[in-house]
Amino acid sequence: MTSIPKKHPPHTLSLTVNGETHSFILGKGPNEVSPSHTLAQTLREKLGLTGTKISCDRGACGSCTVLLNGKAVFSCMLLTVECEGKEITTIEGLSDPKTGNLDPLQQSFIDHTAFQCGFCTPGIIMSTKALLNTNPSPTVDEVKEALSGNFCRCISHYHVLDAVMDVVKKEGNQ
Amino acid sequence: MKSFVHFNTRSVDEAIHLLKKYEGKAKINAGGTDLLGVLKDRILPEYPEAIINIKTIPGLSMIEDGEEKILIGALTTLADIINSSLIEKTFPLLKEAALSVASPQIRNVATIGGNLCQDTRCWYYRYPDGIGGRINCFRKGGKTCPAVSGENQYHAVIGAKKCYAVCPSDLAVALTALGANLTIAGQKGVRTIPVEEFYHPLGNTLSPDEMITAIHIPKPFPVARQTFHKFTLRKPIDFAVVSVSSLIFLDQEICTSSRIVLGAVASAPFRAYKAEEFLKEKKLSAKTAEEAARLALDGSKPLAKNAYKVEIAKTLVKRAVQGTE
Amino acid sequence: MTDYRFIGKSTPRKDARDIVTGKIKFINDVTIPNMLYGKVLRSPFPHALIKNIDTAEAMRIPGVEAVLTHKDVPEWMGGASPLHVRILDNKVRYVGDGVALVAAETEDICEEALRLIRVEYEPLPAVYDVEEALQPEAPRLYDMFPGNLMPPENRIFGPHTLQEVVIGDVDKGLEEADFIIEGYCTYENIPNPMPPEPPGVIAAWEGSDTLTVWSASQGPHMFKVALQKRMGSINLQSIGSPVGASYGSKFMSWQYVLPAAALAKATGRPVKFCYGKAEHLAAFTVRLGSRIYGKVGMKKDGTVTFVSGDWLVNTGAFSETAQAMVAVGCGEAQLMLRCRNWNLKPKVVCTNRTASGQIRGFGGQELKCALTPIITMGMEKAGLDPVDFFKKNYVKPGEDFYWRDGIRWVCRGIDFSAAIDRGAETFGWKEKWKGWLIPTSVKGAKRRGVGVGVHGNADVGEDVSEAFVRLDPNGTATIYSGLAEHGTGQRSSICKMVAEILQLPLERVSVTPTDSRVNPFELGPVGSRGTYAIGSAVIAAAEDAKRQLFERMAQKFNVLPEELETKDGTVYVKGRTETKIPWIKGMGYDSTCMGHGRFEPDFSQPNFMMIFTEVEVDTGTGKVELIRVVGATDVGQVIDPLSLTNQLNGCLGSAGIDSALFEETVFDTRLGRIMNPNMIDYKWRTFSELPEMEHVILETPFPSHRFHAIGVGEITPSPGPSAVLMAVSNAIGVRMNDYPLTPDKVLRALKKIATTKRRGKR
Ligand SMILES: Cc1cc2nc3c(=O)[nH]c(=O)nc-3n(C[C@@H](O)[C@@H](O)[C@H](O)COP(=O)(O)OP(=O)(O)OC[C@H]3O[C@@H](n4cnc5c(N)ncnc54)[C@H](O)[C@@H]3O)c2cc1C
Ligand code: FES
Ligand code: FES
């Protein structure tokens with residue numbers, strides 16, 4: 001039987017978000033990351049990346065969707081301490097950091113007014129991005145499936161589908 | 001969320017050691033898609049002191065093909081199960097069940113082990129502490145189950161006595177139909193138990209120092225017709241109102257044997273033995289399907305608001321037997 | 001039709017880039033230095049007296065800055081008129097009602113502190129049903145409301161505020177009727193508008209007399225007015241943030257703003273107060289409950305000879321606007337039904353469930369959802385096609401109605417018959433409608449049916465809006481408006497209107513932040529008033545600014561101001577584009593032109609929405625699937641096509657059509673608790689289940705403003721729920737009138753499971 005490592009928990013934590021690595025001290029103080037903090041909390045409160053939204057905070061609405069090693073996940077249902085060593089991408093990391101050029105998806109959402117209040121939009125864009133990363137030419141049904149965990153109460157779904165399919169078409173995939 | 005001590009464990013032994021050390025005051029975290037909700041709403045009578053991350057244990061996320069069975073590691077995500085061509089080919093019903101769970105984002109992190117061990121979704125049990133305090137139901141040590149004469153539309157219709165919560169796991173239903181076994185590691189060593197015997201009315205048979213490490217699923221022989229039907233109010237996200245997993249061994253039109261399991265009707269996946277018995281050596285027709293459905297739900301005792309579940313279950317059994325949508 | 005440069009063309013929303021990059025700051029994305037967080041301790045009892053509260057232990061936690069109870073909160077009052085709800089009281093009236101407030105350095109600390117507050121309650125009997133609440137022996141929520149009856153409101157919309165529809169002579173209508181139908185229907189499944197962003201606010205004091213409130217209010221300026229009424233004459237600055245949707249619910253939310261202000265006052269520090277989703281769903285506001293016992297007379301040709309009945313409105317613990325919603329609902333009923341004899345009497349009743357709020361459909365949806373199924377029984381009896389019936393009875397130019405102000409208005413809008421015809425054609429109504437309780441098609445266990453509903457509102461011209469438009473010499477225009485952006489794209493649309501009038505590139509027109517110290521009065525984008533009311537004020541301000549500009553530029557050209565024209569920041573004489581002078585040449589760098597515009601209420605131009613639905617019912621499981629929706633409307637002139645279709649698509653969500661299908665707040669009446677305050681158990685529509693959706697949008701010019709347009713956004717969900725009831729009834733051949741049509745109810749109607757007693761006491 002292995003013995004329990006002596007020092008628990010580790011005192012620092014590093015997170016790679018949008019290509020940049022950030023170090024935190026683990027602890028309960030106002031400026032530290034607590035072991036009970038969710039990734040969504042850390043992104044918003046410690047890194048100021050408030051593009052990731054929290055709505056249900058229970059894994060049911062998709063507002064907090066980010067990419068973890070390229071896959072769409074709910075950042076409200078992940079502990080920050082368990083994200084060490086992973087690549088995290090948020091909505092703020094989609095546009096080109098140097099030129100500020102938008103991702104084609106973002107531009108298409110603008111062109112189609114694929115939002116109303118816009119609260120759900122970052123989550124929807126991130127889920128779509130994850131889909132297009134693995135499947136650049138999805139069918140409408142595949143897009144619907146990929147977005148099936150994203151809540152949009154304003155019912156911007158129809159415009160979202162138009163925006164996404166337009167990108168799929170323009171990128172010459174279909 | 002209230003704080004806790006957190007451990008990233010590197011081995012099953014280490015995890016078990018910690019579980020033992022905390023004497024029931026620690027919780028394993030796999031994907032966390034269930035556990036974090038439980039913690040945030042503070043529904044447990046005793047908030048855990050420690051959280052033990054098992055995702056850091058190497059080797060528990062895998063799907064291995066064997067001659068007679070397939071082995072799935074407890075940390076395998078539902079997405080990996082869905083994307084496995086081996087699973088698709090061998091256990092299409094398991095793929096369907098995994099695909100029916102929650103949403104893509106959840107399936108990317110949710111594990112099969114966590115799915116089997118998730119806490120019930122009874123809304124009395126899950127009532128959030130922040131809105132007037134948690135409800136002290138029978139499952140939490142209270143005297144009665146408030147669902148019995150309350151809002152019981154999603155509660156048990158068969159065999160419940162003290163607690164009417166249902167087992168929420170879709171994979172448990174599928175794995176019961178497939179006759180799968182669990183490998184459980186604990187302080188006392190390793191044991192194996194059929195999924196069918198894993199649940200009891202107030203949860204599962206794990207002791208506080210145990211964890212699931214793997215799931216073994218025998219390959220059905222001869223090849224059987226597999227179906228998984230889950231009825232929900234809407235397609236993604238929802239837990240089953242009722243589900244039916246079935247394995248029907250056919251010789252021409254004749255059913256040689258079958259396994260029919262109902263989900264969300266009881267505290268555990270419910271084997272419809274009477275229906276299975278009845279179908280043996282029967283030609284599958286609308287009439288036999290009707291009778292199988294009746295027998296499957298024979299003995300059900302719905303509460304005031306969930307008689308519809310019985311009717312839906314019958315329809316699903318009928319459709320499963322007939323092989324229609 | 002006029003071909004405009006911007007109006008009617010799709011242009012990107014001004015905030016689009018910020019939205020898609022995550023830069024936009026919703027209220028919970030904002031932090032200000034030295035800020036504390038606030039949280040509420042919530043009652044476990046639906047009705048109880050607080051005998052004792054001990055906060056000492058909570059106060060001792062490091063990081064806790066204040067704990068307030070009913071003993072030490074300021075006497076600011078909320079609730080309806082008369083104001084009757086304290087921020088915290090010594091009595092709680094629903095599960096989730098506030099008991100104590102905590103301000104601390106972090107939300108986690110707040111939560112730990114809440115758990116250490118010891119409260120001793122004396123539970124009281126509770127009442128949830130409107131009719132039970134009216135009984136003399138019923139528990140009483142407020143001493144000032146005997147019988148739990150809220151008094152009719154006689155001020156909110158002027159001295160004659162409409163609180164019932166009593167017109168003509170019902171006895172005469174009884175005589176004239178070929179059919180008399182008596183019915184009962186409820187819309188009491190308490191749908192929640194459930195915007196994604198939970199309500200939130202930051203409050204900060206400067207000294208003791210100046211309060212700044214940052215909030216996601218849908219109408220920040222009106223909110224200031226309302227708060228000042230509640231807090232006395234303090235200086236109040238109300239700053240709006242983008243609204244993470246509201247659907248009415250976040251228009252005026254003193255429930256969380258006054259506590260935040262109280263905590264900020266007690267601690268001398270800014271306090272942020274943002275609800276979690278469970279609080280949002282269980283302790284904020286839901287739709288009013290609506291129950292009607294009605295009687296309707298009808299002639300064979302579809303003429304309605306009378307409507308009478310009792311309309312019982314359940315507010316829950318309170319409602320800030322129930323009486324106002326009753327007023328608007330009473331007006332809207334008359335728009336839908338041309339009828340000379342009315343006796344519709346509302347009763348507004350408090351009960352021990354969560355409070356109600358104003359929600360898209362504002363009284364009208366609540367009323368219609370319960371009234372239409374009763375009217376429908378009449379159509380069925382008379383064998384009338386509902387499309388023909390609605391077409392015959394919807395208000396037409398020259399016809400009159402009493403609006404919320406109790407004043408008789410004559411419709412000078414347009415006739416919507418063309419929209420109805422085009423909608424029916426697009427939907428294929430003639431082919432699909434097979435008669436009452438007859439399915440459109442049957443395939444195995446699947447049965448399809450169709451239904452239609454109608455709604456309209458004269459609120460497109462409600463209330464006052466003011467705006468300034470300032471022209472700067474560099475050829476830019478700034479709109480001063482308190483208009484909040486809550487998803488309709490209205491802040492961008494008013495830029496289009498101003499750009500059109502001033503012929504400026506859209507990039508050169510901007511709107512001030514919604515800050516009440518900067519902007520003139522603006523009620524806010526409620527009802528469907530954005531286009532006509534708010535738009536008219538802005539248009540008038542732009543015209544006024546343009547007039548001033550021309551006055552200054554006229555001498556440069558030696559012409560009369562009226563002879564001038566402007567384009568792209570230059571001025572020229574009409575027809576003589578060769579000499580263009582930039583604004584700065586006439587204005588100098590040291591001046592601005594400030595135009596002022598004001599809109600006065602006009603209730604003479606109702607809008608219109610018809611919804612056609614097709615459903616498929618699986619008779620084996622009782623599941624109802626919405627297959628297709630066609631909306632039909634006439635908006636006069638489209639301002640922004642994409643924003644308009646977005647609003648029309650919105651008919652499904654925000655406690656709209658889906659409140660007939662699966663949306664409901666499940667309430668345990670033994671515990672007084674809401675069982676589904678989360679987004680798993682509260683059902684909402686997902687991407688996987690989108691019906692086919694099509695809209696017929698006509699553009700028949702209205703005599704409204706410069707662009708002849710009216711708004712429609714608010715009403716798009718309202719005709720839907722009753723249309724779904726009709727469609728399901730037709731599909732399964734059994735009349736259904738119990739929202740929402742869950743599998744349970746459908747299977748009961750099909751007699752596959754035994755039926756039990758329904759709600760309703762009579
Ligand atoms: C919005 C939403 C919708 C959902 N819908 C569905 C659905 O439709 N069907 C369904 O079946 N589920 C559903 N779920 C539940 C979902 O959490 C599970 O399906 C998921 O598989 C749990 O896996 P996990 O790894 O995240 O578990 P965790 O949250 O990590 O763990 C769950 C529990 O199991 C214990 N545990 C985890 N792994 C082990 C192990 N190896 N040995 C012993 N104990 C262990 C943990 O201590 C914890 O108590 C839904 C959840 C959400 C939030
Ligand atoms: S906020 Fe994370 S899923 Fe809703
Ligand atoms: S745009 Fe408002 S919720 Fe999606």
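Letters A, B, ... mirror the listed sequences (proteins, then strands); counts begin at 1.
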Side chains of C/Thr106 and A/Lys28, heavy atoms from C-beta outward: is any pair under 4.5 Å?
no
One option among C/Thr686, C/Asn649, C/Ile680 has the most heavy-atom pairs under 4.5 Å with chain A, and it is C/Asn649
Note: A/His157 and C/Arg685 closest approach over all heavy atoms is NE2-O, 4.0 Å
The interface call for C/Tyr682 against chain A, heavy-atom contacts under 4.5 Å, is side chain
Between the CD atom in C/Glu107 and the CD atom in A/Gln41, the distance rounded to the nearest 0.5 Å is 8.0 Å
Per-residue tally against chain C (heavy atom, under 4.5 Å) across A/Gly48, A/Cys117, A/Gly51 peaks at A/Cys117
The interface call for C/Gln647 against chain A, heavy-atom contacts under 4.5 Å, is both
Under 4.5 Å to a heavy atom of chain A? For C/Pro677 that would be neither
Note: vs chain A, highest number of non-hydrogen pairs under 4.5 angstrom among C/Thr21, C/Ile19, C/Asn646, C/Ile24 is C/Asn646
When every non-hydrogen atom of C/Met679 is compared with those of A/Cys56, the smallest separation belongs to SD-CB, 3.5 Å
Counting heavy-atom pairs under 4.5 Å with chain A, the top scorer among C/Gly489, C/Pro198, C/Pro242, C/Pro193 is C/Pro193
Applying a strict 4.5 Å limit to non-hydrogen atoms, the region of A/Val160 in contact with chain C is side chain
Rounding to 0.5 Å, atoms CZ (A/Phe151) and CE (C/Met194) come to a distance of 4.0 Å
Closest heavy-atom pair, A/Ile155 versus C/Gly653, reported as atoms and distance to 0.1 Å, is CG1-N, 3.5 Å
Against chain C, residues from residues 57-70 of chain A with at least one heavy atom under 4.5 Å, in numeric order, are A/Ala60, A/Cys61
So, the part of C/Pro196 with a heavy atom under 4.5 Å from chain A: the answer is both
Tightest non-hydrogen contact, residues A/Lys144 and C/Phe687, listed as CD-O, 3.4 Å
Assert top hit (heavy-atom pairs under 4.5 Å, partner chain C, pool A/Ile54, A/Leu94, A/Leu102, A/Thr121) equals A/Leu102
Ranking C/Pro12, C/Gly276, C/Ser654 by heavy-atom pairs under 4.5 Å to chain A gives rank one to C/Ser654
Turns out that what part of C/Glu197 lies under 4.5 Å from chain A's heavy atoms comes down to both
Of all heavy-atom pairs linking C/Asn28 and A/Arg44, the shortest is O-NH2, 2.9 Å
Honestly, the part of C/Asn678 sitting under 4.5 Å from a heavy atom of chain A is neither
Pair count under 4.5 Å, heavy atoms only, with chain C: among A/Ser36, A/Gly118, A/Cys120, highest is A/Gly118
- Query: Hey, is CD1 on A/Ile25 packed in by over 12 heavy atoms from elsewhere, all under 6.0 Å?
  - Reply: no
Next on the checklist: For A/Ile110, is there any backbone N or O sitting under 3.5 Å from a side-chain donor or acceptor partner on C/Arg17?
Outcome noted: no
Turns out that what part of C/Thr645 lies under 4.5 Å from chain A's heavy atoms comes down to both
Looking only at A/His159, A/Gln106, A/His112, the option with the highest number of non-hydrogen pairs under 4.5 Å against chain C is A/His159
Heavy atoms of A/Ser148 and C/Ser688 approach each other most closely as CB-OG, 3.2 Å
Q.
Tell me whether A/Tyr158 contacts the main-chain N or O of C/Glu692 through its side chain, where contact means a donor paired with an acceptor under 3.5 Å.
A. no
